[in-house]
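Here the structure is a predicted model, which is why all the values come from computation and not from measurement.
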Amino acid sequence: MKNLIRLTDLEPKELYEIFHIADEISSGKYNGFLDKKSVILFFPATSIRTRVTFEKGIYLLGGQSILFPTDTLDKKEDLRDVCGYLNNWADLVIARHRDIHLLEKLAQYSEVPVINAMTDSNHPCEILSDLYALSKIRSDFTKDQYLFCGKSGNIGLAWKEASQVIGFELSQCCGAGYEMPDIKVYHDIRTAVRGKDILCTDSLPADALNDFKDCQITKEVMELANENALLNPCPPFYRGEEVSDDAIASHYFVGYPFKKRLLEVQQAVMIYLLS
């Protein structure tokens, strides 16, 4: 049985198999794939894009969603016992929780696949979706030069996981003290952006904004990147903070169409893990 807790749980061929399944979904090949299957979801009230696409994806595949708030997993009952009962009825578990170690425990005790729908350590399905979207418009997205602008956190670390799986070049632009380990780091966006093809961002905590004053991506900054460079900020993004309004309004921005791919990619992950 396979789980998806980290992107590094996947071999490159498995990642591309998920992309292949995503390609096939529109043909109707998997209609009814989740018929009579129940998918247990643990989500906080604040989740929008990830929850909508998982629930809609389950519905379109003919399955049943059973939703609990994330803090259900924080109650006193031991996770061994939670899973002991869920194993009687669940066919798949999808969980969004701050602590990745809790998800690892779920996967340890669950007899059905567990999917990480975001932790404080990473966000695998989000980055899978972005890579799939890139694969549709680039001849070889693994040859692009990637720049992540933001602090060391779940989005940046998920991009790092992806680079470890399929080998693209990743660097970071951030304020001093926010670096991810073991990748090239810049502290000035005008230097960092030169030679880059794919620019990714994460939102910033309020108390870090001043530390990132030299890292904001503007339209002018995008014009210093490689020809045909793309701006792919992770939502929620905040205009005037990590990205400027004119950068979002420019032709470089691909956020809305890229996130459209979340639906088929998350369906493909479910299908792959249950196959």
Side-chain angles (χ1 to χ4, degrees), residues 1-22 39-44 47 49-51 53-54 57 70 73 79 83 90 92-135 141-142 146 148 150-172 178-183 198 200-202 232 234-235 258-259 261-262 264-275:
M1 186 187 72
K2 190 86 176 177
N3 303 296
L4 180 56
I5 307 299
R6 294 177 170 83
L7 286 173
T8 48
D9 293 338
L10 300 173
E11 299 290 334
K13 65 180 181 179
E14 295 177 299
L15 183 145
Y16 290 114
E17 176 61 21
I18 289 169
F19 288 0
H20 177 65
I21 294 170
V39 181
I40 309 301
L41 302 124
F42 296 96
F43 271 88
S47 178
R49 288 155 288 265
T50 308
R51 178 181 161 188
T53 47
F54 265 122
T70 296
L73 295 172
L79 282 179
C83 291
L92 184 67
V93 174
I94 302 170
R96 184 167 181 152
H97 193 281
R98 295 178 65 94
D99 185 1
I100 195 169
H101 302 298
L102 184 143
L103 267 62
E104 289 173 332
K105 286 183 180 180
L106 269 182
Q108 178 183 351
Y109 301 128
S110 177
E111 294 176 2
V112 300
V114 174
I115 297 174
N116 174 357
M118 195 178 85
T119 69
D120 280 356
S121 302
N122 62 357
H123 200 349
C125 293
E126 183 91 5
I127 305 310
L128 268 181
S129 171
D130 287 344
L131 293 174
Y132 179 66
L134 279 167
S135 76
F141 68 93
T142 68
Y146 291 71
F148 170 72
K151 63 182 176 62
S152 179
N154 57 359
I155 301 303
L157 293 171
W159 278 110
K160 184 181 176 184
E161 288 178 8
S163 72
Q164 292 169 331
V165 174
I166 51 178
F168 58 78
E169 291 292 328
L170 175 70
S171 54
Q172 180 187 12
Y178 298 89
E179 298 86 355
M180 294 187 288
D182 304 321
I183 67 170
I198 312 297
C200 312
T201 72
D202 190 14
N232 179 41
C234 181
F258 267 39
K259 287 301 171 277
R261 298 292 188 176
L262 269 173
E264 58 257 51
V265 168
Q266 289 176 169
Q267 286 180 294
V269 169
M270 292 187 284
I271 291 165
Y272 179 74
L273 295 179
L274 287 169
S275 297

Given side chains that start at C-beta, do those of Pro113 and Leu92 come closer than 4.5 Å, heavy atoms only?
-> yes
Starting at CG of Leu128, measure out to CG of Leu4 and round the result to the nearest 0.5 Å.
-> 6.5 Å
Phe42/His97 under side-chain contact (heavy atoms from CB on, under 4.5 Å): CA gap, chis, key distance, verdict | CA-CA 8 Å; Phe42 296 96; His97 193 281; over 6 Å; no
Interatomic distance, Leu7 atom CG to Ser163 atom OG [nearest 0.5 angstrom] | 10.0 Å
Using the side chain to side chain donor-acceptor pair (under 3.5 Å) rule, pick out the option among Thr119, Asn116, Thr50, Thr70 that qualifies with Arg96.
-> Thr50
Do you see a donor-acceptor pair shorter than 3.5 Å between the side chains of Glu17 and His20?
-> no
Got Phe54 and Ile115 here, is their nearest side-chain heavy-atom distance under 4.5 Å?
-> yes
Determine, step by step, whether Leu131 and Ile166 satisfy the side-chain contact (heavy atoms from CB on, under 4.5 Å) criterion, reporting the C-alpha distance in whole Å, the side-chain angles of both residues, the deciding distance to 0.1 Å, and the verdict.
-> CA-CA 10 Å; Leu131 293 174; Ile166 51 178; 4.0 Å; yes
Classify the ring geometry between Trp159 and Phe168 as parallel (under 30°), tilted (30 to 60°) or perpendicular (over 60°).
-> perpendicular
Supply the atom-to-atom distance Lys105 NZ to Ile5 CD1, rounded to the nearest 0.5 angstrom.
-> 13.5 Å
Correct closest heavy-atom pair for Leu106 and Cys83 would be CD2-SG, 3.6 Å
Do Gln266 and Thr53 have side-chain atoms, one donor and one acceptor, less than 3.5 Å apart?
-> yes
For the student: nearest non-hydrogen atoms of Cys234 and Ile155, plus distance = SG-CD1, 3.4 Å
Output the distance between atom CG (Leu170) and atom CZ (Phe148), rounded to the nearest 0.5 Å.
-> 8.5 Å
Just wondering, do Glu104 and Val114 contact through their side chains at under 4.5 Å, heavy atoms?
-> no
Indicate yes or no for a side-chain donor-acceptor contact from Gln172 to the backbone of Met180 under 3.5 Å, with no hydrogens or angles considered.
-> yes
pair Asp120-Ile100: side-chain heavy atoms closer than 4.5 Å | no
What closest approach, in Å, do Ile127 and Ala158 show between heavy atoms, and which atom pair accounts for it?
-> CG1-CB, 3.4 Å
Output the distance between atom OH (Tyr272) and atom CG (Leu15), rounded to the nearest 0.5 Å.
-> 10.0 Å
Distance in Å, Leu103 CG paired with Met118 CE, rounded so as to fall on 0.5 Å steps = 11.0 Å
Among Val265, Leu262, Asn232, which residue meets the side chain to side chain contact (heavy atoms under 4.5 Å, CB included) test with Asp130?
-> Asn232
Validation row: Asn154, Glu126 side chains within 4.5 angstrom (heavy atoms) = no
Atom of Arg261, atom of Ala133 and distance for their closest heavy-atom approach | CG-CB, 3.8 Å
Arg98 CZ: over 12 foreign heavy atoms closer than 6.0 Å | no
Look only at the side chain of Glu161 and the backbone of Arg6, and say whether a donor-acceptor pair between them is shorter than 3.5 Å.
-> no
Is the number of heavy atoms from other residues, nucleotides or ligands within 6.0 Å of CD (Glu11) greater than 12?
-> no
Work out which heavy atom in Ala22 is nearest to a heavy atom in Ala268; give both atom names and the distance.
-> N-CB, 3.6 Å
Asn3 vs Leu273, side-chain contact (heavy atoms from CB on, under 4.5 Å): CA-CA, chis, key distance, verdict = CA-CA 7 Å; Asn3 303 296; Leu273 295 179; 5.8 Å; no
Are the side chain of Asn122 and the backbone of Pro124 linked by a donor-acceptor contact shorter than 3.5 Å?
-> no
Under 3.5 Å, is there a donor-acceptor pair between the side chain of Lys160 and the main chain of Ser152?
-> no
Give the C-alpha distance, both sets of side-chain angles, the deciding distance and a yes or no for side-chain contact (heavy atoms from CB on, under 4.5 Å) between Phe141 and Tyr146.
-> CA-CA 10 Å; Phe141 68 93; Tyr146 291 71; 3.6 Å; yes
What heavy-atom pair brings Ala90 and Ile40 nearest, and what distance separates the two atoms?
-> CB-CG1, 3.5 Å
